[in-house]
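Below you'll find the structure, written out as structure tokens, and then a few comments.
A, B, ... follow the sequence lines: proteins, then strands. Residue 1 opens every chain.
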Amino acid sequence: MAVEVAEALEAAIGELRTALGTEYVMTDFHQRAIRTTNTSPMGLHQWKDLLPDVVVMPASTAQVAAVVKIANKFLIPITPRGAGAGLADGATPMKRGIIVDIKRMCDILEIDDEDMTVTVQPGINMQELNKVLRPLNVWFPDDPASYPVNVLGGRIGAGGWSLLGTGYGHVPDLVCSMEVVTPTGDIIRVGAGGGRKIRKSSVGYRLKDLFIGHQGTLGICTEVTLDLAPRPQAQLPVFFATRSWEDAHRMTLAFNRSGIRCLSGVVMFDEAKVEFLRRDDEAWIPLPEWVNSAVATICYGTSVELEAVKSSIFDIGAANGGVYMGQEISEGDWASRHDRYHLAYHGRSDGTIRLMSWSCEDAAITWSQLPTVKRRWYEIAEALVAKHPEHFDIWGMFMYTGNPFRPWGDFLTEIDIGVNELEMTPEIWADWVEAKTQIARVSVECGGSVSAAHGGTREGEVDVACYEELKDGQFDLMKRIKKMLDPNNIMNPGKYHLDEAYEDEETA
Amino acid sequence: MSQQLSSKPFYDEKIEGTIIPLPLIKDCYAVFACRHKFCREVCPVYQDDRDESHTSYGFHTALLGISQGMGELADIRETITNCLECGACELRCPNTLFGGDFYGASTTTVDLVRKVRRDLVASEIGFEKYEEIVATVDRYIGYFEGPEGDLTKWADGLNLATSGETMLFVDYFNAFETTDIPRNAAKILTAAGVDFGILPRPGATLGELLDINLETFVEMGRHNVAALEQAGAKRVIIINPHDYTYFTRDYTTHIGELPFEVVFITDVLEELTNNGQIVFDEATANEVFSKVSYHDPCTLNKICGITESPRSIIGKLPGVTYIDVTPVEQWSYCCGKGNASFKTLHPDTSYKIGAKRLQAAADLGVSQLVLACPHCKDQLTDVGARSGIAIEPVHILTLVAQAMGLD
């Protein structure tokens with residue numbers, strides 16, 4: 001580190017301690033190391049290079065604004081961090097600097113069960129929020145796999161997707177308005193028009209959307225008013241086994257067209273996913289050999305509604321080659337949906353256990369393109385595993401309904417790959433990045449999007465996202481917006497290739 | 001009897017500065033690789049300070065970071081004290097939930113935290129307030145070395161035997177700090193017609209020793225096992241749930257298979273109520289009892305899985321209106337005292353965790369919170385006095401004794 005940079009950092013840390021208190025400005029290695037990682041794999045060989053210089057834990061909007069102003073004063077990068085449960089490296093600093101950990105800001109500020117909103121700070125976890133809301137018979141229906149650990153600020157920064165979004169909407173649909181500290185330290189409120197609890201307004205630009213899914217590059221949410229829903233009386237998870245993935249694919253279209261309004265999600269498990277579950281999942285191991293793929297449907301609603309649609313669900317499944325897998329596996333798998341999807345021990349190499357982390361591609365793909373994407377993705381993944389059988393392992397595919405409030409159209413399409421981080425090398429990592437690039441390119445070539453849920457910021461897919469998916473003017477506009485809001489390139493620099501906005505100026 | 005799902009003998013291999021043994025690296029990686037961090041929101045310490053380094057994921061990641069050349073053991077001397085050793089994170093970890101049985105790969109954070117603390121002591125690094133922990137240990141070890149009668153003074157006037165096939169094991173905390181609890185246990189068992197004895201000189205059963213001095217813990221354990229065997233024990237009744245974890249998990253790990261059965265007092269009382277040896281006095285019930293809830297001690301609920309018998313007994317107490325909070329919901333609760341040293345190390349956090357627990361009971365509209373642990377009783381009584389939260393912590397043996405008319 002150059003002398004002047006080190007001196008600026010030291011001076012900044014001093015001011016941060018004055019603003020937040022010494023206890024909440026942390027420089028110990030482990031405090032920085034733990035906040036370097038998120039849920040997506042990284043080679044451990046990279047870890048040390050990604051460490052931030054300092055971690056701060058503000059407790060208020062004013063403290064967040066103070067941190068941002070100090071960062072601008074000393075030109076030190078900031079990376080906002082929620083739960084670190086994202087899958088697009090949004091909370092991983094690319095240029096060291098300051099991690100702004102928002103988890104101390106976890107208060108519920110207002111519950112309004114008449115206008116059906118709740119106003120919270122961004123560090124609150126959804127499960128904890130719903131524990132408080134339960135006696136009022138309302139809930140906040142954001143239900144990602146990370147439900148027990150994630151926090152609202154991270155969900156907003158990533159533009160999160162929910163397992164129940166088909167019924168209740170995803171995070172972008174559930175934000176009424178929010179307070180944001182901009183990259184220059186200004187405090188603004190964005191919403192649908194100006195009303196804090198208004199969901200639909202035609203006044204002004206839709207600026208709220210600009211501050212959702214930006215991966216921490218445009219600001220830090222410090223307060224948010226969210227849309228609530230009546231707590232469902234009942235739920236009906238129904239899992240069908242099929243003899244082929246094609247049956248599952250066809251069955252899903254039938255559900256898409258069914259017109260069942262309380263259908264809150266449909267999930268396909270492909271052949272490799274079923275085989276993967278048979279490795280160690282005691283619910284799936286005993287299933288007969290003919291079980292090749294599966295479709296899970298979930299309905300949420302009133303008891304009367306669910307009773308009325310039950311026979312339709314079973315009829316559609318049976319008419320499309322599905323065999324009901326039984327109440328135990330349907331209810332058990334659905335109940336444990338947040339818990340069971342990754343263990344390092346899942347990893348295999350030549351049939352033996354090899355500890356691996358989990359990579360999850362999450363393209364948005366239309367129903368008609370799923371067979372093509374599936375075939376091409378496996379070609380890429382199988383070539384990677386053939387080349388590095390001790391470092392990668394195919395864990396199968398899920399396809400989830402992705403359209404908010406409607407079960408048709410696009411699907412969050414996921415191929416899961418085990419990654420041996422412990423034994424990673426730069427050369428093998430380069431092959432991994434190349435495979436990710438190819439996977440992302442298939443998504444775009446098939447008319448989809450690189451990411452339905454996580455964001456397009458990861459190494460490997462970010463080139464495709466910026467230069468191919470967003471090539472028709474969107475990426476250029478992103479750069480102009482970034483530079484306008486963040487003139488010093490303080491907020492999460494390096495993400496989405498937005499540094500180019502500043503390089504253009506230098507070149508000129 | 002409780003048992004550990006995962007045996008990790010490599011925890012015995014000491015961490016030296018920056019050198020982490022390979023099996024421990026893999027063990028830490030298995031938690032790091034999870035990345036889902038479900039150990040967070042269930043952790044009472046994290047709920048208070050929101051610092052992810054004070055979680056199972058944080059501890060394992062810190063050690064993994066050391067193995068990758070980012071720091072050394074001394075760097076985590078402060079962080080590693082921020083654990084109650086309550087076991088909630090172990091239960092909530094996907095490795096335990098879905099890999100515990102299948103792979104024998106449960107996460108064992110409590111043992112890891114103790115191991116790291118001991119390694120810090122062995123490396124002469126120590127940790128903040130280490131001397132206070134040593135002083136506590138020395139005071140209790142002093143009881144072992146003191147006059148024999150002191151250790152059984154709690155039983156004065158009860159005329160208890162010192163041998164028998166059934167032995168009641170009474171730890172030093174109960175024997176010196178909460179004497180009404182062992183006295184009630186003895187009175188109840190006697191009234192129920194159980195023949196039992198007590199050790200005249202039990203060895204110390206201190207969680208603090210697991211944090212700083214495993215050798216003395218094991219030495220005391222060997223003394224207890226030998227003394228109980230010599231006394232003729234075929235069945236040992238434990239009244240301190242912390243002791244129950246030491247006998248069933250730590251003694252079996254470090255000493256070997258025990259030559260007697262170990263049972264917790266509430267399981268015994270449930271059996272005695274079921275077979276009619278304990279009968280409650282209906283006539284005085286409504287004057288004695290009130291609307292209550294039950295606090296699952298971490299050691300019973302999260303570490304040993306004993307949750308049914310206390311509820312069963314409370315359900316049989318005449319006149320009681322019982323409001324339950326499920327054991328799973330109580331994974332995220334703790335009285336705040338912790339399994340050993342936490343209250344000494346972090347008194348302010350300890351108080352806040354205790355106050356949160358007590359307030360949760362108050363929010364249920366109950367007047368008493370029933371406990372099955374002397375440490376929870378001690379802690380929540382202190383917290384109640386300091387906070388003014390109007391809930392009376394009451395030990396389950398007190399209620400049983402009252403209901404049997406044994407006052």
Rounded to the nearest 0.5 Å, what separation is found between the [atom1] atom of [X] and the [atom2] atom of [Y]?
X: B:Gln68; Y: A:Gln46; atom1: CD; atom2: CD; value: 12.0 Å
X: A:His346; Y: B:Phe102; atom1: NE2; atom2: CZ; value: 10.0 Å
X: B:Thr79; Y: A:Gln31; atom1: OG1; atom2: CD; value: 5.0 Å
X: A:Ile353; Y: B:Tyr103; atom1: CD1; atom2: OH; value: 5.0 Å
X: B:Cys28; Y: A:Leu422; atom1: SG; atom2: CG; value: 10.5 Å
X: A:Thr37; Y: B:Glu52; atom1: OG1; atom2: CD; value: 7.5 Å

Contacting region of [X] [heavy-atom separation from chain A under 4.5 Å]:
X: B:Leu64; answer: both
X: B:Asp51; answer: both
X: B:Ser332; answer: side chain

Structural part of [X] lying under 4.5 Å from a heavy atom of chain B:
X: A:Met42; answer: both
X: A:Asp101; answer: side chain
X: A:Met26; answer: side chain
X: A:Thr36; answer: neither
X: A:Val55; answer: neither
X: A:Glu421; answer: both
X: A:Leu87; answer: neither

Verify, without hydrogens or angle tests, whether B:Lys26 (side chain) and A:Leu355 (backbone) share a donor-acceptor contact under 3.5 angstrom.
no
With a 3.5 Å distance limit and no angle check, can you tell me whether B:Arg50 reaches the backbone of A:Met57 through a side-chain donor-acceptor pair?
no
Look at atom [atom1] of [X] and say whether more than 12 heavy atoms of other residues, nucleotides or ligands are closer to it than 6.0 Å.
X: B:Glu308; atom1: CD; result: no
X: B:Ile19; atom1: CD1; result: no
X: A:Arg278; atom1: CZ; result: yes

Counting heavy-atom pairs under 4.5 Å to chain B, which of A:Lys48, A:Met356, A:Arg104, A:Gln127 comes out on top?
A:Lys48
Top contributor to chain B interface from A:Asp280, A:Asp28, A:Asn150, A:Leu51 [non-hydrogen pairs under 4.5 Å]:
A:Asp280
[X] versus [Y]: any side-chain heavy-atom pair under 4.5 Å?
X: B:Arg40; Y: A:Lys103; value: yes
X: B:Asp49; Y: A:Glu23; value: no
X: A:Ser357; Y: B:Phe32; value: no

Kindly indicate, with the supporting measurements, whether the criterion side-chain contact (heavy atoms from CB on, under 4.5 Å) is fulfilled by A:Phe29 and B:Ile66.
CA-CA 9 Å; A:Phe29 98 84; B:Ile66 291 173; 3.5 Å; yes
Which atoms form the tightest heavy-atom contact between [X] and [Y], and what is the distance?
X: B:Ala62; Y: A:His30; answer: CB-CB, 3.8 Å
X: B:Ala33; Y: A:Ala344; answer: CB-CB, 3.8 Å
X: A:Pro148; Y: B:Glu41; answer: O-CG, 3.5 Å

Which residue out of B:Ile25, B:Ile76, B:Leu63 racks up the most heavy-atom pairs below 4.5 Å with chain A?
B:Ile76
